[in-house]
Amino acid sequence: MNIRFYNSLSKKVEDFKTIKPNQVSMYVCGPTVYNYPHIGNMRPVVVFDTLRRFLEYVGYKVTYVSNFTDVDDKIINKALQEKKSEKEVTEYFIGEFKNDIHCIGCKDPNVTPKVTEYMSQIISYIDVLIKKGAAYEKNGNVYFRVSKIKDYGSLSGINIDDLITGARVETNDEKESPLDFALWKKTSEGISWDSPWGKGRPGWHTECCVMIDTIFPPDGLIDIHGGGYDLKFPHHENEIAQAEARHNNKIANYWLHNNFININNEKMSKSLGNVIYAKDLIEQFGGNVVRMVILSTHYRAPVNFTNETIESSKNEVQKIENVYRQMALVLQINEKKIPTIGHASGMEKFLDSLADDLNTSNALAELYEVTKRANQSLRQREIDFDLIEQLFSTMSDMLSILGIDIKYVRLNTADKKLYEEYLAAKAKKDFSLSDKLRAELIEKKII
RNA sequence: GGUUCCUUAGCCAAGUUGGUAAGGCAAUUGACUGCAACUCAAUGAUCAUCGGUUCAAAUCCGGUAGGAACCUCCA
């Protein structure tokens with residue numbers, strides 16, 4: 001299968017070639033855990049979970065790493081404000097985050113490192129950068145020397161001179177250049193660690209490098225690095241700079257960036273007061289619907305949450321659930337076997353769509369095609385059970401790749417008997433009985 | 001100020017190297033149906049606008065209008 005991705009680094013669609021055969025190493029920048037996750041936080045999670053599921057389905061062994069930033073000014077402030085320890089704050093919100101992503105159909109990454117667990121590695125990583133002349137210490141702070149990197153700015157397409165003359169870079173007498181960024185910050189307040197440069201805490205940009213470096217030896221080079229596209233600058237640019245200095249590589253062969261979620265055509269922000277927590281949307285509409293809204297648009301385009309787009313996805317999910325459950329019912333009543341995941345036929349166009357830079361819109365079109373065919377098949381006078389079984393299998397596999405979780409009832413003997421009685425009553429035109437039985441079946445979510 | 005991107009039917013949305021536009025939601029009509037739900041079928045776009053290149057452009061180039069993002073913490 002020819003898998004292609006748009007690589008933010010080259011700004012081109014490229015064929016996907018892994019470093020090791022049949023294995024994919026993937027890292028996605030995770031959240032800073034100081035508040036409930038908003039819906040925007042869910043986009044990269046859903047996008048890269050879908051990518052991971054797809055890669056696994058087509059046979060790759062995927063090592064998916066996504067971090068938790070549990071050291072940060074916002075966390076320290078929150079802890080001070082609520083008179084709690086930083087750890088209490090971060091543990092709570094990590095739990096909330098995990099809960100949300102499970103509700104929205106995401107599997108846990110293979111590794112979820114936390115900054116606080118990588119402190120010794122971070123310190124030694126910074127130490128190496130200093131020894132290599134790529135970083136320098138001033139008054140207990142350590143800065144990265146951007147001038148050491150000749151093509152700094154290549155990911156984000158930012159011109160260094162423009163940055164400096166743009167006068168939007170904060171001035172700081174300690175730094176050799178305004179572009180230099182902090183690797184280690186001297187702190188007087190909140191949680192801190194001892195280091196060769198005094199008490200302090202690490203800067204944001206180093207943690208991802210160190211985690212990747214540690215988890216993917218020997219040189220911290222991985223296949224895919226993902227995240228929101230706002231992270232291109234400065235975060236990912238700075239990650240690349242550090243890896244260039246440390247290992248002379250660009251961390252990842254493929255840099256993938258997802259676009260944002262808008263709320264009613266506006267960017268979600270605190271100042272606009274339109275921040276929506278993921279948990280609230282999930283509670284109101286269910287994880288499948290929220291996930292469906294996200295998947296309905298290509299990951300590099302913005303997705304808009306409005307009453308209309310949510311309603312649309314809600315109807316789509318409902319339709320898929322209906323036919324899926326009906327097929328499960330028909331198969332079970334007729335003592336046919338329920339196919340297992342991973343062996344479906346008719347997946348070609350669906351998989352091709354996903355192989356094409358994760359085109360979920362086109363993949364969904366294939367899912368709807370199967371949905372329609374299944375509905376048609378269910379209405380035939382002479383039901384073709386083999387066909388139903390095959391369509392059910394196809395649909396199961398598609399849904400499992402997309403992370404849409406649809407439950408159906410496993411019928412026991414009593415359930416089957418109830419259903420048959422319902423059919424019999426209907427056939428006898430005993431509608432008061434059949435209505436009663438129907439209500440029971442609906443109650444049990446069998447039909 | 002610098003950089004980048006977007007504009008496809010009421011709404012969402014796809015569209016490899018140019019060859020007269022996937023799919024979904026909603027709507028309308030029809031069908032099915034004891035009732036309801038579910039479902040099926042049919043119906044809609046000169047691709048913001050102007051001009052250029054070309055036998056041929058939603059797709060390439062340029063102008064105009066409108067919108068957005070990044071350059072600062074941000075998914």
Side-chain angles (χ1 to χ4, degrees), chain A residues 2 4 11 13 28-32 34 37-48 72-74 153 156-170 179 204 226-235 237 257-262 265-271 275 278 292-323 325-326 349 352-353 356-357 359-369 371-380 426 429-432 434-435 438-439 442 447:
Chain A
N2 177 25
R4 292 139 282 158
K11 291 154 187 70
V13 175
V28 176
C29 292
T32 303
Y34 69 103
H38 59 243
I39 185 61
N41 290 307
M42 293 299 110
R43 190 153 194 207
V45 177
V46 167
V47 164
F48 292 104
D72 180 87
D73 284 340
K74 291 191 284 275
S156 52
I158 275 168
N159 182 303
I160 296 178
D161 298 330
D162 291 342
L163 266 187
I164 294 168
T165 55
R168 300 196 64 167
V169 190
E170 97 184 74
L179 291 178
W204 176 40
Y229 80 135
D230 58 316
L231 296 180
K232 280 190 198 177
F233 188 90
H235 187 52
E237 201 71 74
H257 292 98
N258 63 274
N259 210 307
F260 271 29
I261 286 175
N262 293 328
N265 295 303
E266 279 182 326
K267 179 174 172 174
M268 189 167 55
S269 71
K270 277 186 189 167
S271 55
V275 172
M292 189 63 105
V293 176
I294 292 173
L295 292 177
S296 65
T297 306
H298 186 91
Y299 76 92
R300 284 193 281 115
V303 58
N304 198 11
F305 270 70
T306 65
N307 288 335
E308 232 171 341
T309 59
I310 294 171
E311 185 67 21
S312 177
S313 290
K314 198 172 117 187
N315 290 337
E316 287 160 0
V317 169
Q318 188 59 249
K319 198 166 172 176
I320 293 163
E321 281 182 353
N322 286 342
V323 72
R325 289 191 174 133
Q326 278 178 45
K349 283 177 79 177
D352 280 345
S353 297
D356 181 17
D357 196 27
N359 193 325
T360 48
S361 309
N362 282 338
L364 282 173
E366 292 308 310
L367 177 63
Y368 297 133
E369 174 66 26
T371 301
K372 181 177 290 188
R373 282 176 54 209
N375 271 318
Q376 288 167 339
S377 309
L378 286 167
R379 300 306 162 108
Q380 298 296 315
K426 216 162 58 151
K429 297 196 189 292
D430 183 351
F431 296 124
S432 63
S434 77
D435 284 355
R438 180 168 70 187
I442 290 171
I447 58 171

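Residue numbering restarts at 1 for every chain, and letters A, B, ... go by the order of the sequence lines.
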Inset, instruction - Tell me, please, which residues at least two apart from A/Lys11 pass salt bridge (Lys or Arg N to Asp or Glu O under 4.0 Å). - result: none

Legend entry - base_contact_polar (B/A37 base, A/Arg438 side chain, donor-acceptor, <3.5 Å): no

Inset, instruction - Starting from P on B/A75, measure out to CZ on A/Phe260 and report it in whole angstrom. - result: 7 Å

Legend entry - A/His298: partners by side-chain contact (heavy atoms from CB on, under 4.5 Å), with sequence neighbours left out: A/Arg300, A/Asp357, A/Asn359

Inset, instruction - Sugar-phosphate means primed atoms, P, OP1 and OP2; the rest is base. With that split, encode nucleotides 38-43 of chain B 5' to 3' as B, S or - using protein heavy atoms under 4.0 Å. - result: BSSS--

Legend entry - Euclidean distance for C1', B/C5 against B/A9 (whole angstrom): 24 Å

Inset, instruction - Measure from CD1 on A/Ile447 to P on B/A36 and round the result to the nearest Å. - result: 16 Å

Legend entry - Inter-nucleotide C1' distance (B/A45, B/U20), Å rounded: 13 Å

Inset, instruction - Could you check how far CG of A/Leu295 sits from C1' of B/G23, rounded to whole Å? - result: 15 Å

Inset, instruction - Find the distance A/Asp73:CG to B/C73:P and express it as a whole number of Å. - result: 11 Å

Legend entry - Integer-rounded Å distance: B/U17 C1' and A/Arg4 CZ: 13 Å

Inset, instruction - Name the nucleic acid region contacted by A/Ser269, choosing base, sugar-phosphate or nothing; use a 4.0 angstrom heavy-atom cut-off, strictly under. - result: nothing

Inset, instruction - Decide yes or no for A/Arg43 and A/Asn259: does some side-chain heavy atom of the first lie under 4.5 Å from some side-chain heavy atom of the second? - result: yes

Legend entry - Along RNA chain B (nearest heavy atom to each residue), the more 5'-positioned of A/Asp72 and A/Leu364: A/Leu364

Legend entry - Span that lies between the P atom of B/U59 and that of B/U53, in whole angstrom: 15 Å

Inset, instruction - To the nearest Å, give me how far apart NZ (A/Lys11) and C1' (B/U3) are. - result: 11 Å

Inset, instruction - Take atom C1' in B/U28 and the same atom in B/A65, then report the distance between them in whole Å. - result: 35 Å

Inset, instruction - Could you pull out all residues at least two apart from A/Ser377 that satisfy side-chain contact (heavy atoms from CB on, under 4.5 Å)? - result: A/Leu387, A/Ile388, A/Leu391

Legend entry - Gap in Å between the two P atoms, one belonging to B/U29 and one to B/A22, rounded: 26 Å

Legend entry - Pair A/Asn304-A/Asn262, side-chain donor/acceptor within less than 3.5 Å: no

Legend entry - Whole angstrom value for the distance that separates P of B/U4 from NE2 of A/His257: 17 Å

Legend entry - Pairwise C1' distance for B/A21 and B/G44, with rounding to whole Å: 13 Å

Inset, instruction - Indicate, with a heavy-atom threshold strictly under 4.0 Å, whether A/Tyr368 touches base, sugar-phosphate, or nothing. - result: sugar-phosphate

Inset, instruction - For A/Val46, enumerate each residue passing the side-chain contact (heavy atoms from CB on, under 4.5 Å) test, keeping only those at least two apart in sequence or located in another chain. - result: A/Thr50, A/Ile104, A/Cys106, A/Arg291, A/Ile294, A/Leu295

Legend entry - B/U33 versus B/C38 - spacing of their C1' atoms, nearest Å: 11 Å

Legend entry - Minimum side-chain heavy-atom gap A/Ile320-A/Met292 below 4.5 Å: yes

Inset, instruction - For each nucleotide in nucleotides 6-14 of chain B, reading 5' to 3', give B when a protein heavy atom comes within less than 4.0 Å of its base, S when such contact involves only the sugar-phosphate, and - otherwise. - result: -----SSSS

Inset, instruction - Considering only atom P, compute the distance from B/A42 to B/G23 and round it to an integer number of Å. - result: 10 Å

Legend entry - Spacing between A/His235 atom NE2 and B/C71 atom P, to the nearest angstrom: 14 Å

